[in-house]
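Worksheet for the structure shown next.
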Amino acid sequence: QQPVQSPQAVILREGEDAVINCSSSKALYSVHWYRQKHGEAPVFLMILLKGGEQKGHEKISASFNEKKQQSSLYLTASQLSYSGTYFCGTELGKLTFGTGTRLTIIP
Amino acid sequence: GAVVSQHPSWVICKSGTSVKIECRSLDFQATTMFWYRQFPKQSLMLMATSNEGSKATYEQGVEKDKFLINHASLTLSTLTVTSAHPEDSSFYICSALRDRRETQYFGPGTRLLVL
């Protein structure tokens with residue numbers, strides 16, 4: 001079953017923060033995060049492994065709660081280039097993509 | 001890096017014709033390749049998993065006789081949409097797996113329009 005992401009869509013002003021959530025009904029081994037621009041293939045952001053630490057860099061990071069089967073992506077001080085649709089992907093032998101969150105950053 | 005290419009980027013064809021899409025891992029050998037389909041404003045849906053030298057594993061609801069997958073080598077997989085119809089129009093994306101501990105690397109996608 002497809003992981004559910006929330007919110008479905010969000011509009012932010014440049015410099016604001018965002019949190020995107022991903023929730024699975026099944027146990028997770030890993031969570032992958034991707035960003036897709038319109039008409040392009042997804043671009044890998046990061047992978048979080050079971051038992052691993054929160055990953056990311058200064059402005060884009062993510063956490064993974066294995067017990068709750070959830071992951072969250074944190075975007076800090078968003079930039080115009082962050083606009084796109086964000087997908088989480090959960091791996092149970094194969095990658096199953098979440099429902100997606102469309103993020104629009106406006107000046 | 002890990003680069004995956006797809007060819008063609010765009011294809012427009014008449015209903016009833018077959019279309020072949022190539023997926024290549026350019027700088028690594030892929031143990032496994034995946035084929036996805038994405039309709040407008042929807043998520044990526046896995047169609048099939050392909051391992052070199054063996055038959056592809058198709059997801060439920062995907063017709064294997066319609067979407068033929070050939071994984072000829074560790075760097076090349078092809079998807080052939082046979083007797084394409086307008087409802088097959090979609091964005092087809094392949095990905096390649098270099099190592100099971102890593103994520104998948106995606107190709108740029110092929111947009112198919114069947115008239």
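Within every chain, numbering begins at 1; the chains are lettered A, B, ... in the order of the sequence lines, protein sequences first and strands thereafter. Atom set for the values below is all heavy atoms of this structure, side chains included, hydrogens, waters and symmetry mates excluded.
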Under 4.5 Å from any heavy atom of chain A - which part of B/L44 | both
Do B/V11 and B/F39 belong together in a cluster built from hydrophobic side chains that touch within less than 4.5 Å?
-> no
Flag yes if B/W35 and B/L112 sit in one hydrophobic cluster, no otherwise; membership is Ile, Leu, Val, Met, Phe, Trp, Tyr, and two members link when side-chain heavy atoms are under 4.5 Å apart.
-> yes
So with a 6.0 Å cut-off around CD1 of A/I11, is the heavy-atom count from everything else above 12?
-> no
Verify same cluster id: B/M33, B/Y105 (apolar side-chain graph, 4.5 Å) = no
Distance-minimising heavy-atom pair for A/A41 and B/G109 = CB-N, 4.5 Å
Report yes if some heavy atom in the side chain of B/Q104 is under 4.5 Å from a heavy atom in the side chain of A/H32; otherwise report no.
-> no
If you count heavy-atom pairs under 4.5 Å with chain A, which of B/P40, B/S9, B/P108 comes out on top?
-> B/P108
Find the distance between CZ (A/F44) and OG (B/S95) and round it off to the nearest 0.5 Å.
-> 12.5 Å
Atom NZ of A/K37 with >12 non-hydrogen neighbours under 6.0 angstrom = yes
For chain A, which residues from residues 54-67 of chain B have at least one heavy atom closer than 4.5 Å to it?
-> B/E59
Residue-level interface, residues 79-86 of chain B with chain A, non-hydrogen cut-off under 4.5 Å | none
For A/P107, the side-chain contact (heavy atoms from CB on, under 4.5 Å) test, sequence neighbours excluded, returns A/E14, A/L80
Indicate, with yes or no, if B/L76 and B/F28 share a hydrophobic cluster defined by side-chain heavy-atom contacts under 4.5 Å among Ile, Leu, Val, Met, Phe, Trp and Tyr.
-> no
By a 4.5 Å heavy-atom criterion (distance strictly below it), what part of A/Q5 contacts chain B: side chain, backbone, both, or neither?
-> neither
Beyond-backbone contact of A/E40 with B/F106, side-chain heavy atoms, under 4.5 angstrom | no
Can you tell me how far CZ of A/F87 sits from CD of B/Q38, rounded to the nearest 0.5 angstrom?
-> 5.0 Å
Under 4.5 Å to a heavy atom of chain A? For B/Y36 that would be side chain
Those residues of residues 15-23 of chain A, ordered by number, that approach chain B below 4.5 Å (heavy atom to heavy atom) | none
Distance (rounded to the nearest 0.5 Å) between B/F91 CZ and A/Q36 CD = 6.5 Å
Do B/S43 side-chain atoms and A/G98 backbone N/O form a donor-acceptor pair below 3.5 Å?
-> yes
How long is the gap from OG1 on B/T49 to CG on A/L95, to the nearest 0.5 Å?
-> 10.0 Å
Given the rule that I, L, V, M, F, W and Y join up when any side-chain heavy atoms are under 4.5 Å apart, are A/F97 and B/M45 in one cluster?
-> no
Verify the neighbour count for atom CD of A/Q1: are there more than 12 heavy atoms of other residues, nucleotides or ligands below 6.0 Å?
-> no
Interatomic distance, NE2@A/H38 vs NZ@B/K41, rounded to 0.5 Å, equals 9.0 Å
